[in-house]
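Accompanying notes for the structure given below.
When reading the values below, keep in mind they use all heavy atoms of this one structure, side chains included, and skip hydrogens, waters and symmetry mates.
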Amino acid sequence: MLKKTPSGAPSTDEEVLDRLALDYPLPRLILDYRGLAKLKGTYTDKLPRMVDAKTGRVHTRYLQATAVTGRLASSDPNLQNIPVRTAEGRRIRACFVAPPGHALVSADYSQIELRIMAHLSRDAGLARAFAAGEDIHRATAAEVFGVEPAAVTAEQRRYAKVINFGLIYGMSAFGLARELGIERAAAQGFIDRYFARYPGVARFMEETRETARERGYVETLFGRRMWATDIRSGNAARRAGAERAAINAPMQGSAADLIKRAMIALARWLDEERLAAKLILQVHDELVLEVPERELERVRGRLPELMCGAAELAVPLVADVGVGANWDEAH
DNA sequence: TTTAATGGCGCG
DNA sequence: AAAGCGCGCCATTAAA
């Protein structure tokens with residue numbers, strides 16, 4: 001048995017079956033089946049049944065007071081988890097199409113949570129890398145491995161990417177080791193080197209833990225509070241979980257604030273300019289609009305500017321924009 | 001038929 | 001003792 005579920009039963013999740021697939025043929029078949037069954041059961045079978053008879057469209061609900069970090073949540077159906085990571089999944093995404101005479105325009109923030117971390121921590125090295133427009137995972141790899149950015153290998157960049165994401169989530173050396181398939185001591189070494197190179201980030205992490213412990217809450221960029229329940233729990237595991245949530249909350253929560261400001265700015269602009277383009281989806285760091293052909297160039301130009309102008313941070317904001325006949329093409 | 005718990009997995 | 005944040009929804013199982 002490689003892993004247990006919270007209730008103590010043997011786990012058969014993807015991580016476990018992936019490892020078993022190295023020694024046996026069956027686990028891979030189960031994983032393939034599960035992947036296809038997920039797509040069929042959640043999307044292919046369900047979404048066509050949810051088309052509204054009046055409009056001929058699928059309409060999601062956006063829950064504004066559900067996620068503790070201030071994100072929106074989408075339900076009935078959830079349109080914030082439409083597949084994108086596999087070729088089969090993207091065929092489902094491609095089913096979201098613009099009407100005749102229109103196109104879909106999608107814009108998403110680049111590395112928004114890491115940029116917010118750079119802003120909140122005021123770390124000089126991280127801010128410099130973003131200001132220079134560097135590939136942030138490559139830049140991190142160069143720092144951690146002590147080589148020139150141009151000399152970073154694909155594996156070193158992959159390691160740095162896992163480290164960068166792990167930081168946002170409060171990952172430990174244990175988790176990093178498991179994710180990278182390396183010894184825990186080696187993982188701890190990478191973390192130590194990261195914090196030595198980005199001392200502002202180390203300070204920010206520690207200050208966030210202290211703030212959560214002393215005040216019982218942490219705040220976003222715009223002062224919205226998120227309560228850190230369990231932060232003083234006598235149960236060490238609960239306390240550690242609360243600390244990870246408190247580390248993540250300012251970044252995820254500030255990103256949520258930013259895109260909401262962008263949505264408000266967008267609504268005002270569309271109104272002022274008398275444009276027929278419509279905002280139809282928000283997916284945490286992405287906005288999707290349905291745009292008449294004649295408005296395409298204006299929207300494509302202005303949308304990323306509005307998103308990047310949602311706040312003045314210590315680092316530049318970047319939004320990538322795409323256009324297409326369907327959501328997969330636009331993404 | 002509905003509700004709840006569980007394990008799992010789609011997304012950012 | 002656990003080990004990576006935030007969601008919603010699926011199938012399965014058991015019980016109301």
Side-chain angles (χ1 to χ4, degrees), chain A residues 3-18 30-31 33-47 50 60-86 88-90 92-93 106 108-114 116-117 162-180 184 187-188 191 205 208 218 226 228 233-256 258-259 281-288 327 331:
Chain A
K3 196 162 95 175
K4 287 182 178 180
T5 69
S7 72
S11 173
T12 68
D13 71 9
E14 197 169 0
E15 185 197 332
V16 169
L17 294 190
D18 253 330
I30 295 174
L31 285 171
Y33 170 80
R34 280 196 192 155
L36 294 171
K38 179 85 172 183
L39 295 182
K40 181 173 187 290
T42 306
Y43 307 103
T44 313
D45 288 346
K46 285 296 190 314
L47 289 174
M50 303 190 74
T60 187
R61 305 171 61 214
Y62 280 112
L63 315 182
Q64 296 200 78
T66 291
V68 296
T69 55
R71 276 186 173 184
L72 301 183
S74 162
S75 75
D76 307 295
N78 181 354
L79 295 185
Q80 289 178 326
N81 72 344
I82 299 304
V84 71
R85 293 172 188 173
T86 66
E88 297 83 6
R90 282 193 294 276
I92 292 169
R93 182 164 290 238
S106 165
D108 67 292
Y109 284 113
S110 164
Q111 305 295 352
I112 187 65
E113 293 182 353
L114 279 177
I116 289 166
M117 184 167 85
V162 172
I163 293 170
N164 278 332
F165 274 103
L167 284 166
I168 292 171
Y169 300 146
M171 189 165 62
S172 66
F174 177 95
L176 183 62
R178 184 162 53 83
E179 180 72 22
L180 293 177
R184 192 187 337 194
Q188 188 60 58
I191 292 173
M205 297 278 169
T208 302
V218 292
M226 295 159 294
S233 170
N235 179 318
R238 291 176 81 93
R239 202 167 57 240
E243 282 187 6
R244 292 193 299 274
I247 292 281
N248 174 262
M251 291 176 276
Q252 188 180 127
S254 298
L258 274 179
I259 198 163
L281 290 172
Q282 187 258 41
V283 192
H284 309 307
D285 67 349
E286 172 189 14
L287 298 177
V288 182
W327 195 3
H331 191 268

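- Secondary structure note: stems in DNA chain C built from 3 or more consecutive Watson-Crick or G-U wobble pairs under 3.5 Å occupy B:1-12 with C:5-16.
- By the side-chain hydrogen bond (donor to acceptor under 3.5 Å, both in side chains) test, A:Thr12 is found to be paired with A:Arg34, residues two or more places apart in sequence or in another chain being considered.
- Using a 4.0 Å heavy-atom cutoff across all strands shown, A:Arg85 reaches at least one base atom of the nucleic acid.
- Applying the side-chain hydrogen bond (donor to acceptor under 3.5 Å, both in side chains) rule to A:Lys38 yields no partners; only residues at least two apart in sequence or on another chain are considered.
- When the side chain to side chain contact (heavy atoms under 4.5 Å, CB included) test is applied to A:Ser110, the partners found at least two apart in sequence or on another chain are A:Arg115, A:Val318, A:Asp320.
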What's touching nucleotides 8-15 of chain C from the protein side, N or O pairs under 3.5 Å?
| unit_1 | atom_1 | unit_2 | atom_2 | d |
| --- | --- | --- | --- | --- |
| C:dG8 | O4' | A:Asn78 | ND2 | 3.1 |
| C:dC9 | OP1 | A:Asp76 | N | 2.7 |

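- Taking every nucleotide of DNA chain B with any atom under 4.0 Å from a non-hydrogen atom of chain A, the first and last of them, 5' to 3', are B:dT6 to B:dG12.
- Under the salt bridge (charged side-chain N to carboxylate O under 4.0 Å, His left out) criterion, A:Arg61 pairs with A:Asp76, not counting sequence neighbours.
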Name every donor-acceptor pair, under 3.5 Å, that has one atom in a side chain of residues 165-180 of chain A and the other anywhere in the protein, sequence neighbours excluded.
| unit_1 | atom_1 | unit_2 | atom_2 | d |
| --- | --- | --- | --- | --- |
| A:Ser172 | OG | A:Phe174 | N | 3.3 |
| A:Ser172 | OG | A:Gly175 | N | 3.2 |
| A:Arg178 | NH1 | A:Glu15 | OE1 | 3.2 |

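- A:Thr60 pairs by the side-chain hydrogen bond (donor to acceptor under 3.5 Å, both in side chains) definition with A:Ser74, not counting sequence neighbours.
- Across all strands, A:Ile82 comes closer than 4.0 Å only to sugar-phosphate atoms, never to a base (heavy-atom distances).
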Quick one: which protein N/O atoms are closer than 3.5 Å to N/O atoms of nucleotides 2-5 of chain C? Pair and distance per line, please.
| unit_1 | atom_1 | unit_2 | atom_2 | d |
| --- | --- | --- | --- | --- |
| C:dG4 | OP1 | A:Arg178 | NH2 | 3.2 |
| C:dG4 | OP2 | A:Ser172 | N | 3.0 |
| C:dG4 | OP2 | A:Ser172 | OG | 2.9 |
| C:dG4 | OP2 | A:Gly175 | N | 3.4 |
| C:dG4 | O3' | A:Arg244 | NE | 3.3 |
| C:dG4 | O6 | A:Glu179 | OE1 | 2.4 |
| C:dG4 | O6 | A:Glu179 | OE2 | 3.4 |
| C:dC5 | OP1 | A:Arg244 | NE | 2.6 |
| C:dC5 | OP1 | A:Arg244 | NH2 | 3.0 |
| C:dC5 | O2 | A:Gln252 | NE2 | 3.3 |

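- Under the rule for a side-chain hydrogen bond (donor to acceptor under 3.5 Å, both in side chains), A:Arg239 has no partner lying at least two apart in sequence or in another chain.
- In this structure A:Glu286 satisfies the salt bridge (charged side-chain N to carboxylate O under 4.0 Å, His left out) test with no other residue, sequence neighbours excluded.
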